[in-house]
Amino acid sequence: MITFRNNLLILLTTILVVSFILLGLVLGNTMSDALIKSSKKTLKSEMIATNEIIIHNKNDKEKLKEKLQTLHSDLNMTVQVMSGSTVIYESLSKDNMKKHQSTIKEYEKRAEDKPYDYHYYISVKDNMQLMAYKGEQDQIITLYKPFTTPFEFMKQMWLYLCLILIIVLPIIYIFVRYINRRYVKPIKEVSSASKMLSEGNYKVRVAESNVVETNELYSTINELARTLQTLNNEQKIQRNRLETTLSNIPLAILMINKYDEVVIANDTYLNLFNKDQTIIKKRYQDVIDNTLVMNMVTQAMNNEVTVYRNVPIQMGVYTKHFEITAVPVLSPNKKKIQGVVLVEHDITQLIHLEQMRRDFVANVSHELKTPITSIKGFTETLLDGAKDDPLLLQDFLTIIEKESHRIQSLVEELLELSKIEQSSNVDLSHVDVVDTLEQVIEMLSLTALEKNINIELTSPSSMTVIAEASKLKQVFINIISNAINYTEVDPQDKNKDIYITVEPSEGDVYIHIKDHGIGIPESDQSRIFERFYRVDKARSRQSGGTGLGLAIVKHIVEVFGGEITFVSKPNEGSTFTVKLLGGQQHVE
């Protein structure tokens, strides 16, 4: 691409060269015409002078010849004076006229036909000119003279023009360079700076100029660059804040533009619905796979209204509940739809907690209602006269005492569970888990022997864990008690023993408690750690269970920083595994 400077240089050079050529042509033609006119005028003057001499000396040929010779002696001219066919006078030689005799004859005839007219002929090509004239004495005067061609003059003129052109061209070059440096170069610098600004390089600056016109342009572009840089920095700050907010907000957020393309999706949304997938610039119909949610987006887009809905969404084997809001985004003048913001709040835990609250209230009410009804019924019976019967009085009071203990046990376990959940009364220390298990086995040995169950412990001589001694003992009491209670007495003396194994692994301690009881049905296994949930309700009530034992166990183990799992098969037994932090780990 030819630069502006080269274009200007070529243009000015072309104009200058063409102008000089046209000037040379005009001057050449003008000077040539002037030279011809001057030669014609000179030749005519000579003709008039010759004619005057002939008129005044027509009778004296010698004197005529003398005066004509005197007149034409200094002129490079051939003169011929004829009267009819007689040559009265001629100067020089007619050899110069031989090759133009036909032309001379023709013009002499013209003079003969038209006397008193100056018949002029010139040939630039042959470098000759002549004039024929018939005067008052009927003589025909022919003047023949070589023509001074204008070619030499024009050659000199062109030479001078070329010299002038050669001198002017460097001046043109210097002028173009000056124009380029003073005006074009600043424009190029501003253009380059503008291009860099358009590419996002807002740090570019243009050096100040001494030229008033360009200095103002430089100042303007620099001010523009500073303004754009400030705006860009503010935009980056706002964008970082927005991205940080969107990334850390616990809500799943999806923004869709008016072309149905996803433009923003925060980390929460991606982790929930499109993990390890690129969804930006994709159509939301290809990203959202739930019909209800897509209908909400369509409704918000078409009706320009905010849509709220609680939507259950299947995610793998689980169903999660989301509170979804589709908010239309309108233009500043509120006339055009720009897109939709989809906000999805996972309320699965809230629904689960609400359900647990309902179940808890219902279970507590149910658990309290049964013993209270019994106490009330037997008390009313006693007041109605049964107290007078010593046997009934003893039986009823025994039942009332038993139900009172049941209520007391239920309230105590509820309080204990509440304390454990608050984690405010737990004092962690190094506890010998083997010694704790031996104490629990000794406490429950009589109950186990009643059902002909042996409890066997396999462990190192000593093994410490991070826990609280009293609550750790409570964990083992609840698990082993359940193992005893849910193991039926076998009249055929089959193996119903309970096996306890303690083993360390990678800094943790695993306690396995295996029984041969009735087991837990698969349908109930996901709920056995819930409050008041009991697999066999009749057996639980018969044994005095409240349904809070395993819930307390789970909370205690988690407070210790451990984990409890189990494996169970109906009619084959269950194995509960408690993982606790080993005693070598730091306790704060």
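These numbers come from the heavy atoms of this one structure, side chains and all, not from hydrogens, waters or symmetry mates.
- By the 4.5 Å heavy-atom criterion applied to side chains, Asp346 and Lys320 are counted as neighbours.
- Put simply, OH on Tyr499 and CD1 on Ile455 are 12.0 Å apart, with the number rounded to the nearest 0.5 Å.
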side-chain contact (heavy atoms from CB on, under 4.5 Å) between Lys473 and Gln439: does it pass, once the steps are laid out?
CA-CA 8 Å; Lys473 183 182 293 185; Gln439 294 178 29; 2.8 Å; yes
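- Using modelled atom types, one side-chain atom of Asp515 and one backbone atom of Ser574 make a donor-acceptor pair closer than 3.5 Å.
- Between Ile511 and Thr577, the closest side-chain pair of non-hydrogen atoms is not below 4.5 Å.
- Considering only heavy atoms from C-beta on, Tyr510 stays 4.5 Å or farther from Val502 through its side chain.
- Within the 4.5 Å cutoff, no side-chain heavy atoms of Thr325 are placed close to those of Glu344.
- The shortest side-chain heavy-atom distance between Leu254 and Ile256 falls under the 4.5 Å cut-off.
- Tyr284 and Thr298 share a donor-acceptor pair across their side chains, judged by distance under 3.5 Å alone.
- Contact detail for Glu304 and Pro328: the closest heavy-atom pair is C-CG, 3.6 Å.
- If you look at Phe322 and Phe273, their ring centroids are closer than 6.0 Å.
- Here His321 pairs with nothing under the ring-ring contact (aromatic ring centres under 6.0 Å, His included) rule; sequence neighbours left out.
- Of the possible polar contacts, one joining the Asn233 side chain to the Gln229 backbone as a donor-acceptor pair under 3.5 Å is found.
- Side-chain contact between Arg309 and Gln299: present, with at least one pair of heavy atoms (C-beta onward) separated by less than 4.5 Å.
- In this structure, Pro460 and Met463 have side chains that are in contact, with non-hydrogen atoms separated by less than 4.5 Å.
- Put simply, the side chain of Ile480 reaches to within 4.5 Å of the side chain of Val440, judged on heavy atoms.
- A donor-acceptor pair is defined here as one N or O able to donate and one able to accept, closer than 3.5 Å; such a pair exists between the side chain of Ser445 and the backbone of Glu442.
- A donor atom on one side chain and an acceptor atom on the other are found under 3.5 Å apart for Ser462 and Asp432.
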